[in-house]
Amino acid sequence: MNHALLKATAQAMSAEGKGLLAMDESNATCNKRFAALGIDQSADMRRAYRDLLVSAPGLSRSIAGAILSDETIRQQTLAGVPFAHALADAGIVAGIKVDAGAVDLAGHPGEKIAQGLDGLRERLAGYAQLGASFAKWRAVIAIDAALPGQACIAANAHALARYAALCQEAGLVPIVEPEVLMDGAHTMARCKAVTEQVLHAVFAQLREQGVLMEGMVLKPNMVLPGLACAQQESAAAIAYATLACLRRAVPAAVPAIAFLSGGQAPELASERLNAMHAGPGLPWALTFSFARAIQEPALALWRGMPANVAAAQRVLVHRADCNGAARRGQYSAAMERAGAPGNTL
Ligand code: 5MM
């Protein structure tokens, strides 16, 4: 295992004031988002959209790394450059989603297990050849009064650790993503208890598999009330609960924690990340690895129309900059308004 390479890549992925752009939607997920906006669902349209993202002027100001899907890393930009190379040319580290999606966990109704370990060693070698420096694997944990069960937590934690060890063997930094879902009416306290339980299980497995803490990035959910919970919480309360949970469960040797957005409104995700930087020093870089909370406004503006590309890119970079500011504790409502579409300032 090349410790120096892994540490250097993890540091580059969490560079000061920057975060990660998750643009690794599977074809099915990307098509679902396109269909909702009346955009054609084809490989060419997905390529055009990903080209819009990668070629956005100024993107690297706040984006240190971008996670690609298997389709995109094999495609070229509209200018004929492989996507991973176009990112490198822009000073952005390229990564690849390598889980093969979540399927029903046998014997445990309502719970999922991420699959994709078979043949992963060979796939990682191929992705490294294509220009990937890091990888991502997402485990999905459903939550209600009875879920998650121990079997689901243990199976997903074990798979995440096996994946992470294989990545480090191949010289790729693993993003370890155990996502406790926002769906449901559970309270923030319940989300905190479950998230802490999941993270303890994940780090126990990571240690058991010999994963180098300094050469990985954790991508967790924020600690939030369920979307249908009657008691929603302030950004300050969410920041407090999230940091309390992470301080208990995540070793200080881990260089970076990069949150998923999980279906939060883009402005809320920025406000909550910002609130986590209001207090004194944290042991890890604390940043973002958002998909929807960066992309949604740009996708809605683009709608598949070439004439809308430049405007969509401005909106995309504005959301990236808002999150870059939040990662420094400098995000504000004024900054949000200054970059609103139509604002000529
Ligand atoms: C939780 O999803 C990840 C972060 O996205 P959000 O910030 O929108 O929550 C995201 O990277 C996700 O893993 C990819 O979009 C791939 O998802 P699918 O379901 O297509 O594999």
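Remember, it's 1-based here, ligands and their atoms both numbered in the order they're listed. Computed from a predicted model, the values in this text were never measured in an experiment.
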Residue shell for ligand 1, any heavy atom closer than 4.0 Å, reads Ala22, Asp24, Glu25, Ser26, Thr29, Lys97, Lys136, Arg138, Glu177, Glu179, Lys219, Leu260, Ser261, Gly262, Phe290, Ala291, Arg292
I'd like to know if [X] and [Y] make a salt bridge, using a cut-off of under 4.0 Å between side-chain N and carboxylate O.
X: Glu336; Y: Arg319; result: yes
X: Arg74; Y: Asp70; result: yes
X: Lys7; Y: Glu214; result: no

Looking at residues at least two apart in the chain, or sitting in another chain, which of them share a salt bridge (Lys or Arg N to Asp or Glu O under 4.0 Å) with Arg33? none
side-chain hydrogen bond (donor to acceptor under 3.5 Å, both in side chains) with Glu25: of Arg46, Arg292, Lys97, Gln295, only one passes, and it is Gln295
Counting only heavy atoms not in Arg162 (residues, nucleotides, ligands), do more than 12 fall under 6.0 Å from its CZ? no
